[in-house]
J.: 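Quick one: the structure is below, questions incoming.
In what follows, every chain begins at residue 1, and chains take the letters A, B, ... in the order their sequences are listed. Owing to the predicted nature of the structure, the values given are computational and were not obtained by experimental measurement.
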Amino acid sequence: MLGYPCMNRTLRDREEPLRCNRGMQKATFEERGPAYAADLARQNLRDLRTILEWNNEHGIGFYRVTSTLVPWNSQFDLAELETYDELARLAARCGDYVREHGMRLTFHPDYWCRLASSSRDTVERSLRAVEYHADWLDLMGLARSPYFGINVHIGATYGDRAATAERFRDAVCELSSGARARLTVENDDEAGLWAVTELVEQVSDRVGVPVVFDYHHHSFSDRGLSYREGFERAAETWDCRPAVHYSEPARLHGADTKPQAHAEYVAGVPGWLRDRADVMVEAGAKERALLRLKDRAATAAEH
DNA sequence: AAGTGTCAAGCATTA
DNA sequence: TAATGCTTGACACTT
């Protein structure tokens with residue numbers, strides 16, 4: 001399966017925009033509190049169902065859900081919301097649809113989720129972030145498996161790689177069983193950060209967290225492994241179908257940007273990767289990049 | 001209605 | 001020691 005992250009531009013551009021990432025700034029949250037967050041969450045969950053239907057109708061089975069699905073969820077528990085039952089019903093409608101159609105969802109908490117931080121406060125906030133993503137998956141009734149993963153980066157070395165890996169493993173062991181069962185870890189996009197091999201050896205082999213192979217990031221930290229070799233190392237850490245990320249550098253498409261920047265579209269996902277994994281295509285044009293790929297494939301088949 | 005500056009959270013780099 | 005980039009949309013305020 002192929003997938004795309006978070007925003008469906010086609011549905012967002014409608015007269016009545018559909019989206020599942022309504023949020024608010026701090027001042028508004030302080031003024032209006034969890035009740036307003038619950039109202040936005042209701043609209044987000046309602047639209048998520050429609051986005052999933054649209055995806056399915058367009059042959060897209062894989063989707064990354066935004067972390068703003070329930071805005072400000074770090075500040076309250078879902079269960080304490082007055083509209084909890086309604087949110088639970090709306091979430092269940094999403095999960096039911098996913099299961100009925102054999103689809104796959106993942107989450108990707110933002111870059112301040114730092115489970116290996118040298119600051120204990122940051123670790124605790126990060127643990128909390130993973131937990132509330134897991135709450136959402138529970139609410140949807142989706143399996144406690146990395147198939148419905150919560151994907152994070154280590155994202156720093158704090159000047160001591162071994163100590164950082166150890167803190168990450170310790171944090172993994174602090175998670176609830178439901179959250180831990182869903183956690184995945186992805187290779188970083190800088191040479192000095194975490195490469196596939198390091199994640200496999202220092203995290204996955206020790207505490208069983210599967211490694212999400214990011215094809216583009218691998219080019220910054222390949223440690224001498226080809227793309228295929230990097231993928232193979234990561235694939236061994238999965239006991240279900242691996243999830244991987246694929247994107248192409250914007251530079252390859254003529255943009256004058258830093259090497260890490262993603263292109264708007266992708267020319268094509270390698271067949272060997274598609275055969276073995278579900279591929280999250282991270283392209284600026286989001287779902288339109290996938291539609292273009294399918295279009296190209298159909299055109300090629302005619303010739 | 002359209003335009004603009006700013007935004008919860010972390011870290012590394014630079015000035 | 002303090003500012004900046006990351007990556008990007010969307011919020012919130014101004015015109």
J.: Determine the Euclidean distance between corresponding P atoms of dT13(B) and dT7(C); express it in Å to zero decimal places.
T.: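 Per the computed distance, 15 Å lies between those P atoms.
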J.: Quick one: is Asn21(A) getting a side-chain N or O under 4.0 Å of the dA10(C) phosphate, OP1 or OP2?
T.: yes
J.: Between Glu174(A) and Arg120(A), does any NZ, NE, NH1 or NH2 come within less than 4.0 Å of an OD or OE carboxylate oxygen?
T.: yes
J.: Rounding to an integer number of Å, can you tell me how far Leu18(A) CG sits from dG9(C) C1'?
T.: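 Going from CG in Leu18(A) over to C1' in dG9(C) covers 17 Å.
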J.: For DNA chain C, what is the dot-bracket line, given that a base pair needs Watson-Crick (N1 to N3, plus N6-O4 or O6-N4) or G-U wobble (N1-O2 and O6-N3) geometry with both distances under 3.5 Å, and | means paired with another strand?
T.: ||||||..|||||||
J.: Produce a footprint string for nucleotides 5-15 of chain B: one letter per nucleotide, 5' end first; B if the base is under 4.0 Å from any protein heavy atom, S if only the sugar-phosphate is, - if neither.
T.: -BSBBBSS---
J.: When the P atoms of dA2(B) and dT8(C) are compared, how many Å lie between them, rounded to an integer?
T.: 25 Å
J.: Hey, what's the ring geometry for Trp136(A) with Tyr132(A), parallel, tilted or perpendicular (30° and 60° as the breaks)?
T.: tilted
J.: Out of the candidates Tyr4(A), Tyr63(A), Tyr97(A), only one should pair with Asn55(A) under the side-chain hydrogen bond (donor to acceptor under 3.5 Å, both in side chains) rule; please name it.
T.: Tyr4(A)
J.: Do the ring planes of His262(A) and His216(A) sit parallel (below 30°), tilted (30 to 60°) or perpendicular (above 60°)?
T.: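 Correct class here is perpendicular.
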J.: Any side-chain N or O of Arg22(A) below 4.0 angstrom from OP1/OP2 of dG9(C)?
T.: no
J.: Contact class for Gly192(A) vs. all strands (heavy atom < 4.0 Å): base, sugar-phosphate, or nothing?
T.: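 Here Gly192(A) touches no strand at all.
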J.: Roughly how far apart, to the nearest Å, are dG5(C) and dG5(B) at atom P?
T.: 15 Å
J.: Would you measure the distance from the C1' atom in dT4(C) across to the matching atom in dC7(B) and give it in whole Å?
T.: 16 Å
J.: Under the salt bridge (Lys or Arg N to Asp or Glu O under 4.0 Å) criterion, do Arg32(A) and Asp39(A) qualify, and how do the steps go?
T.: CA-CA 11 Å; Arg32(A) 308 188 60 176; Asp39(A) 190 46; over 6 Å; no
J.: Any Lys/Arg nitrogen of Arg276(A) or Glu232(A) sitting under 4.0 Å from an Asp/Glu carboxylate oxygen of the other?
T.: yes
J.: Once you round it to whole Å, what is the distance between P of dC11(C) and CE of Met7(A)?
T.: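 The answer, rounded to whole Å, is 12 Å.
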J.: Would you say a side-chain N or O of Arg12(A) is under 4.0 Å from OP1 or OP2 of dA10(C)?
T.: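 Answer is yes, contact under 4.0 Å.
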J.: Taking Asp47(A) as the fixed residue, which of Arg22(A), Arg14(A), Arg12(A) is the one that meets the salt bridge (Lys or Arg N to Asp or Glu O under 4.0 Å) rule?
T.: Arg22(A)
J.: Starting at NZ of Lys286(A) and ending at P of dT7(C), how long is that distance when rounded to a whole Å?
T.: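 In whole Å, dT7(C) P lies 12 Å from Lys286(A) NZ.
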J.: What does Asp189(A) touch in the nucleic acid at a heavy-atom separation under 4.0 angstrom: a base, only the sugar-phosphate, or nothing?
T.: sugar-phosphate
J.: Write down the distance separating the C1' atoms in dC11(C) and dA8(B), rounded off to the nearest Å.
T.: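 14 Å, rounded to whole Å.
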J.: For salt bridge (Lys or Arg N to Asp or Glu O under 4.0 Å), just list the numbers for Asp77(A) and Arg128(A), CA-CA rounded to whole Å, side-chain angles, deciding distance to a tenth of an Å, and then say yes or no.
T.: CA-CA 10 Å; Asp77(A) 278 326; Arg128(A) 169 87 194 110; 3.4 Å; yes
J.: Sort and list the pairs that fulfil side-chain hydrogen bond (donor to acceptor under 3.5 Å, both in side chains) and have at least one residue in residues 278-291 of chain A, not counting sequence neighbours.
T.: Thr10(A)-Glu287(A), Asp13(A)-Arg288(A), Arg64(A)-Glu282(A), Arg104(A)-Asp278(A), Arg241(A)-Asp278(A), His245(A)-Glu282(A)
J.: By the 4.0 Å heavy-atom rule, please label Arg19(A) as base, sugar-phosphate, or nothing.
T.: sugar-phosphate
J.: Is it true that Asp205(A) and Arg169(A) make a salt bridge, defined as a side-chain N closer than 4.0 Å to a carboxylate O?
T.: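 Arg169(A) and Asp205(A): not salt-bridged.
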J.: Could you tell me how far apart Phe220(A) (CZ) and dC6(C) (C1') are, to the nearest whole angstrom?
T.: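 Result: 13 Å.
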